[in-house]
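Have a look at the structure below before the remarks.
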2 protein chains.
Amino acid sequence: MSELQRRPTLMDVAEAAGVSRALVSIVMRGAPGAAESTRQKVLQAANDLGYRADSRARLLRSSRTKLLGLSFSTAQPFHAEIVDAAYAEASAKGYEITLSAVANGRPEARAIETLLDVGAEALIVIAPTLGVEDLALHARSVPVVSLLRDDVGQAVDSVSSDDQAGIAMAVDHLVSLGHRRIVHVDGGTAVSSENRREAYRAEMIRRGLTPWVVPGGPGEEDGMDAGRILQADLPTAVIAFNDRSALGIMESFKAAGISIPANVSVIGYDDSHFAKLSYVQLTSVSQDAPLLAAAAVGRAVDRIEGAKSPGSVVRTPHLVIRKTTARAPEGNSDT
Amino acid sequence: MSELQRRPTLMDVAEAAGVSRALVSIVMRGAPGAAESTRQKVLQAANDLGYRADSRARLLRSSRTKLLGLSFSTAQPFHAEIVDAAYAEASAKGYEITLSAVANGRPEARAIETLLDVGAEALIVIAPTLGVEDLALHARSVPVVSLLRDDVGQAVDSVSSDDQAGIAMAVDHLVSLGHRRIVHVDGGTAVSSENRREAYRAEMIRRGLTPWVVPGGPGEEDGMDAGRILQADLPTAVIAFNDRSALGIMESFKAAGISIPANVSVIGYDDSHFAKLSYVQLTSVSQDAPLLAAAAVGRAVDRIEGAKSPGSVVRTPHLVIRKTTARAPEGNSDT
DNA sequence: TAGTCGAACTAGAACGATCTAGATGAACAT
DNA sequence: ATGTTCATCTAGATCGTTCTAGTTCGACTA
């Protein structure tokens, strides 16, 4: 068949249009300094040859790469939502996103190095697992924005969701429905699990209620396990670490003939795809991925364009009330 | 605080070590041609300075970039599984993966161009939506491998899963359990929906059974809708387009008091995370993401390293039998 | 002793863009 | 006629690598 052909360069276009390379560069970038007539001629030639600028050369030469490095994990569906939104926000601000995934045999450190190597002007790391030291190290050469985690030291920016407020909303909602026996199934070792657990404890105590934490994890199976434990001594409401855990909890309840929300109310966290399903209709705390992504991109761009000192942006989540929460059942209002 | 510092270059390392740039380049690449003693000296200097090669410059200069471009969609969890596996396979073969996502306002064409611009030596596109013409156009400059779609013309490679075989396995399994009234809820306009639908038709006819297709789609809600339709005239078994659709179908059955697998058997497709959940235990056709990814990467590398003509690899899926399929209920074996 | 060889190393030209500084020439003022 | 200005265009340096074609020098051969 046809053999692979070399891609055209600036030089090729310049020759075809009968001008210098520099002028072609000017036209392709849309920079001022070219007569309209020649501009057209050059664009025509470029189009005929199917010319596209080689980003390696472009990025190498220009000090500004206009590239934002984004590291995410393939294992987290929520990250995909953020990636999606980040693309939109970045291109609105005139930046490109370059991705690097944390995958099975590919640690976060590797993902970050890759981003740096291609010339990213800033790093956005979703739920970084790196230590504060390592993050600070990278922050010496490029602005670093931590997304979904805020205990990242002085050197790096953070954009996170206010877990304290999110949990408070959940508790508040339940209390206003008359619940007092409210349990929290935590996220085990997952990122933000501790934050939410402590927020729950504080909030319960603040209201004169006794905190009651059951160990869990970020997956459906973890929720299942916790649900089975709870069946022995049923609370009137459960606040799960996330939606997937909530799903597991609900499944285990359903299997035991416990009905939701008649017998027990359940609240999830993330307002994910699952929560919205018509047969789930899970009341959930929404962190709003698009908003978080926009804030992270905004922060990164600000830092690139001059803002000196890192700061932390905290977005307040909101509660999406659906069908898994209702008034507390009667005769169960003891402490 | 400390201001952003320029990253060290080959030149810096060369000066620090008291050798030429070329020598440092040799050492950093692990190429032969440097005495062990100087090699150590250079590595030491590089380490002290925190030197990392700038991949833009490296890729620009070397004809071989050893880069595989991978385009995926943020909306498909299954793609994430493939990305994960592709990383592992690529690095085993000495290649790097560069990602580009198809996201909300970011069409596939854009994702592909980005990959080309950074110098990918081959393109792996997961479930391409581009026309055969456009794919062929790109294939003129670089090998293109289509993953999960096989009607892509002569110019591009394809790695796909044998839908025909997968559906046949599903039908076979059900027939062996005594089912005759087997319905297929299709995937609507989704990729491979048509393949599976036609495979189902052919397979049913081949066995002297009458095909029965209900329109559906790739999501849970689509399954729900189809499930509701089916309740009026219940089949003994359902083959869903994918796991998510199967989940929706099962939910709608459960809500109507129809029990699975006692009254109806259900088979999904993808053997996703959901199918494996302990409270789902969905019998499902597995396409085996790691195997598909490995085949695609292998194909891409083969083409890069000399294989002239594109070909298509078809992997045979396998059926994972769990708890949603059982013997057909008695007295329901009419046509 | 001179010649050959190979290992270790280096200078300088790529790669394909952008950027700086300057050339060119038409239009206008003096 | 001369100088000034401005828009338009270009030559050549540059980004940080890799690659090509040497050079250098000690060891070995004849």
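The figures that follow rest on heavy atoms only: side chains count, while hydrogens, waters and symmetry mates do not. Lettering follows sequence order; numbering is per chain, from 1.
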field: Length of the CZ-P vector between A:R7 and C:dC15, whole Å
entry: 15 Å

message: Just so I know, are the side chains of B:Q76 and B:I126 near enough to count as touching, which here means a heavy-atom distance under 4.5 Å?
response: no

statement: A:T74 and B:A80 have their tightest heavy-atom pair at O-CB, 3.5 Å

query: Under a 4.5 Å cut-off applied to non-hydrogen side-chain atoms, are B:E36 and B:Q40 in contact?
result: yes

message: So that I can tick it off, tell me whether B:R7 and A:D117 are bridged by a salt bridge, with the cut-off set at under 4.0 angstrom between side-chain N and carboxylate O.
response: yes

message: Report for the helix from C:dT1-D:dA30 to C:dT30-D:dA1: angle between first-end and last-end helix axes, five pairs each, rounded to 10 degrees.
response: 60°

message: Can you list, in residue-number order, the parts of residues 19-36 of chain B that come under 4.0 Å of DNA chain D, counting heavy atoms only?
response: B:R21, B:A22, B:S25, B:R29

- request: Measure from NZ on B:K66 to C1' on D:dT17 and round the result to the nearest Å.
  value: 18 Å

- prompt: Which of residues 43-58 of chain B sit near DNA chain C, with a heavy atom under 4.0 Å from it?
  reply: none

field: Euclidean distance, atom CG of residue B:L116 to atom C1' of C:dG16 [Å, nearest integer]
entry: 16 Å

- line: Which of B:R52, B:R58, B:R56 passes salt bridge (charged side-chain N to carboxylate O under 4.0 Å, His left out) with B:D54? Answer is B:R56

- request: Find the distance A:L10:CG to D:dG12:C1' and express it as a whole number of Å.
  value: 15 Å

- prompt: For A:D151, does the CG atom sit with more than 12 other heavy atoms under 6.0 Å from it, leaving out its own atoms?
  reply: yes

task: Check whether any side-chain N or O of B:T38 sits under 4.0 Å from OP1 or OP2 of C:dC9, and answer yes or no.
output: yes

query: Just how far, in rounded Å, is P of D:dG16 from CD of B:E15?
result: 13 Å

task: Might you work through the salt bridge (Lys or Arg N to Asp or Glu O under 4.0 Å) test for B:R315 and B:D288, ending with a clear yes or no?
output: CA-CA 9 Å; B:R315 303 225 58 120; B:D288 213 332; over 6 Å; no

task: Report yes if some heavy atom in the side chain of A:F72 is under 4.5 Å from a heavy atom in the side chain of A:L147; otherwise report no.
output: no

message: Tell me whether B:E121 contacts the main-chain N or O of B:K66 through its side chain, where contact means a donor paired with an acceptor under 3.5 Å.
response: yes

- prompt: Within this structure, what is the CG-to-P distance between A:L60 and C:dA14, rounded to whole angstrom?
  reply: 17 Å

message: Do A:D150 and A:N195 have side chains that approach each other closer than 4.5 Å (heavy atoms only, starting at C-beta)?
response: yes

task: Please state how far atom CG in A:L59 lies from atom P in D:dT17, giving the value in whole angstrom units.
output: 15 Å

- request: Kindly give the heavy-atom pair with the smallest separation between B:S100 and B:R106, and that separation in Å.
  value: OG-NH1, 3.1 Å

query: Looking at the side chain of B:R61, which of C:dA17, C:dA14, C:dC19 is the nearest nucleotide?
result: C:dA14

